[in-house]
Structure formats: structure tokens, C-alpha cells
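Side-chain atoms are counted along with the backbone in the values below, which use heavy atoms only and exclude waters and symmetry mates. All ligand and atom numbering here is 1-based and tracks the order in the structure. The shown structure was predicted, so the numbers you read here are calculated from the model rather than taken from an experiment.
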Amino acid sequence: MNRNIRALPKIELHCHLDGSLRIDTILDILKSDNKIDATDIEEIRSMDKREALEKIKSKVVVPIDTNSLVQYLDSFELPVEIMQTEEVLERVAFELLEDAAKENVKYIEVRYAPLLHTRRGLGVKEIISSVLAGMKRAEEEYGIKGNLILGCMRNMSEDDAIKVIEQGKEFIGRGVVAVDLCGPEEEGFCKNYLNAMSLARSLGYHVTIHAGEAASGQNVLDAINLLGATRIGHGVRTKDCKEAYDLVKSKGISLEMCPTSNIQTKAVSSLENHPFCEYLSEGIRVSLNTDNRTVSDIDLSHEIKIMDLDSYETYEKIYKYSVESSFADEDTKSWLLKILKS
Ligand SMILES: [Zn+2]
């Protein structure tokens with residue numbers, strides 16, 4: 001595709017807040033907040049800036065040849081440790097939208113798991129409203145639009161998921177649009193969250209589920225059939241389960257794909273073996289996303305570039321799929337489609 005990729009209007013549907021903090025910001029917070037308890041923190045505080053940034057980078061950015069999803073998930077520890085106050089949550093949410101706006105992302109769905117941010121006593125509602133406040137400030141300043149997806153951790157209980165869903169319900173229509181299940185993927189996890197996701201749907205949340213990333217396409221099938229997911233996070237292994245593949249196709253389920261992340265977590269062995277283009281040519285509604293901007297040291301322009309799309313028309317198709325499967329309201333969707341035409 002012969003275009004200036006950074007200048008293209010973009011949509012991002014799958015981006016974790018805690019995996020997308022600026023390294024500079026992490027250092028700034030480590031230096032100013034003495035309640036943070038992390039490995040090597042004193043060493044980092046005593047280093048000069050360049051050294052300190054390198055050290056932080058070694059903790060939060062994973063190499064392309066990382067060993068597994070579990071190692072990948074380790075790099076969230078430091079960001080999560082610093083994201084324990086309202087001020088920091090507001091700031092990092094603002095900065096994520098600011099970074100996205102600067103590469104012409106017009107609409108972004110940010111996700112994070114509120115229960116990871118209660119270590120210093122914040123309540124779930126404060127955790128949600130702080131992030132929404134940061135997003136709103138960036139919307140006003142940059143004209144980008146954003147919505148929030150509340151993540152429930154698969155290494156926590158169904159009761160924990162229900163807590164997030166209950167506490168988050170008052171924010172539906174005020175920036176919160178959906179729930180997600182994330183974290184390490186076990187075979188057959190869906191059956192453990194039937195009540196939580198049924199409650200979420202009844203309250204008006206959309207449902208997107210991480211599935212078919214570290215485990216099988218059967219999880220994709222279960223996420224749709226048992227949990228009511230209308231979108232799937234990654235879904236790279238959908239093709240390994242014929243029933244899941246056919247269902248994703250016939251129901252127009254959208255797969256939120258994140259090429260670099262999928263290589264790093266070993267969901268695919270290489271970019272050449274990534275099923276994105278195959279799915280796209282089969283009429284499956286795929287979108288391109290970063291997953292984690294800092295952990296993978298990428299932005300959305302990078303992900304679009306490495307896919308080496310054959311034409312601008314192909315890019316338009318992906319953009320339209322992203323708009324249609326977004327959890328935005330109808331006004332936002334028509335605004336986003338209008339941007340593409342202009
Ligand atoms: Zn993800």
C-alpha cells in the first residue's frame with residue numbers, strides 16, 4: 001500500500017492501558033511517588049535519566065523472541081504497581097489517547113482490569129472514573145474519541161468478575177461499553193464465567209473475550225456460544241476449530257488481531273504464518289490493533305505497516321470492519337465512516 005501510514009485515519013479496538021504507559025511517565029512516577037514498592041526501585045531512582053529509562057525498558061518491554069504468554073504478562077507488573085492512584089490513572093489514560101491521536105487514531109477502545117488497581121485502597125468506581133476523566137480530557141484536547149472496556153481477570157474468581165460488572169454498570173453510556181475476560185488462557189475457561197457474563201449482557205454491556213490466543217479454537221466457540229461474545233480478542237486459532245470458524249464467519253463475529261503481540265506470545269510462529277490476511281480474504285471481520293503499545297514497543301502505524309497490505313482498498317475494508325464492530329454509538333460510527341471518505 002503506497003500511502004503515508006501515519007497520516008491514515010485509524011481505529012483501534014484492542015489496547016490495554018497498563019501495557020501502553022510511556023517509559024518516561026513510569027520513571028517520573030517512580031521518582032515522585034515514594035509509596036511504590038518494586039524490585040530495583042532504589043537503583044532506578046539513583047541512576048541518571050538515560051540509564052534509568054533503559055532499566056525500565058528492560059522490565060516493561062518484551063523482546064520479539066519472548067518465551068510465552070506468561071513471560072509477556074510479567075511485563076505488566078511494574079506498570080500496574082504504579083497505577084494505584086487516581087492521579088496516575090487519569091494521567092496515563094490521557095497520555096494513551098494523546099499518543100494515539102498523534103498517529104491519527106480517531107477512535108480507540110481502551111481496556112484494563114480495575115481490580116488490579118485496588119492495592120492502595122482505591123474503589124472500583126474511583127478506578128473507573130479516573131480513567132474516564134483522563135480519556136475525556138484527551139477527547140476535548142485532540143478530537144479523538146474513546147470508550148472503555150472493563151477487564152475481568154481469568155486468574156480471579158467469577159465473584160470478582162461480578163464485582164467489576166456490578167460496580168461498573170453506572171458508567172455504561174458514560175464511557176464504559178463492554179466487559180472482557182483477560183489474562184492467562186486455559187482450555188475451557190468459559191464455563192467458569194457463565195453467570196458473570198450473563199449478568200453483564202443483561203445490564204447492557206457488550207462482551208468481547210480474549211480467546212484462541214494461547215489455547216484452542218474451541219475457546220472461541222465457547223466464548224461466542226456460552227458467554228455471548230460478539231467480538232474475540234485475537235482468535236488466531238479460530239481456524240483450528242471448524243465449528244468456531246464457521247460460526248465466526250456466519251455471525252459476523254469480529255476478531256481483534258494484534259500481529260506483533262501474537263508473535264511474541266507464540267500464538268503464531270511468525271508474521272508469515274499469521275492468519276490475518278487469510279481471514280480477511282475469507283470475509284471474516286478482522287481488525288488491526290496493538291494490544292500493548294509499550295510492552296511490544298509499537299504503535300498502530302507499525303502494525304499496519306508490517307502487514308504490508310496490497311492496496312488502500314484493503315485498508316478501507318479493515319477500517320470499515322473496525323467501525324462496524326466497534327462498541328461506539330451510531331453517531332460516532334457515522335462520523336468515523338465520514339472521515340474515511342473525506
Ligand atoms: Zn489483549
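When distances to the Zn ion (ligand 1) are checked against a cut-off of 2.8 Å, C182 contributes no N, O or S atom below that limit. The Zn ion (ligand 1) has an N, O or S atom of H16 closer than 2.8 Å. Look at H210 and the Zn ion (ligand 1): an N/O/S atom of the residue is under 2.8 Å from the metal. Checking D180 against the Zn ion (ligand 1), every N/O/S atom stays at or beyond the 2.8 Å cut-off.
The main-chain N or O of D299 is never found under 3.5 Å from a side-chain atom of E103 such that the two would form a donor-acceptor pair.
In summary, R119 and E77 engage in a salt bridge, as defined by a charged side-chain N under 4.0 Å from a carboxylate O. In this structure, R293 does not pair ionically with D99, as no charged nitrogen and carboxylate oxygen lie closer than 4.0 Å.
Taking the six-membered ring for Trp and thresholds of 30 and 60 degrees, H16 and H210 have ring planes inclined between 30 and 60 degrees apart.
Closest approach between the Zn ion (ligand 1) and any N/O/S atom of D291 involves OD1.
A heavy-atom distance below 4.5 Å is not found between the side chains of D291 and T265.
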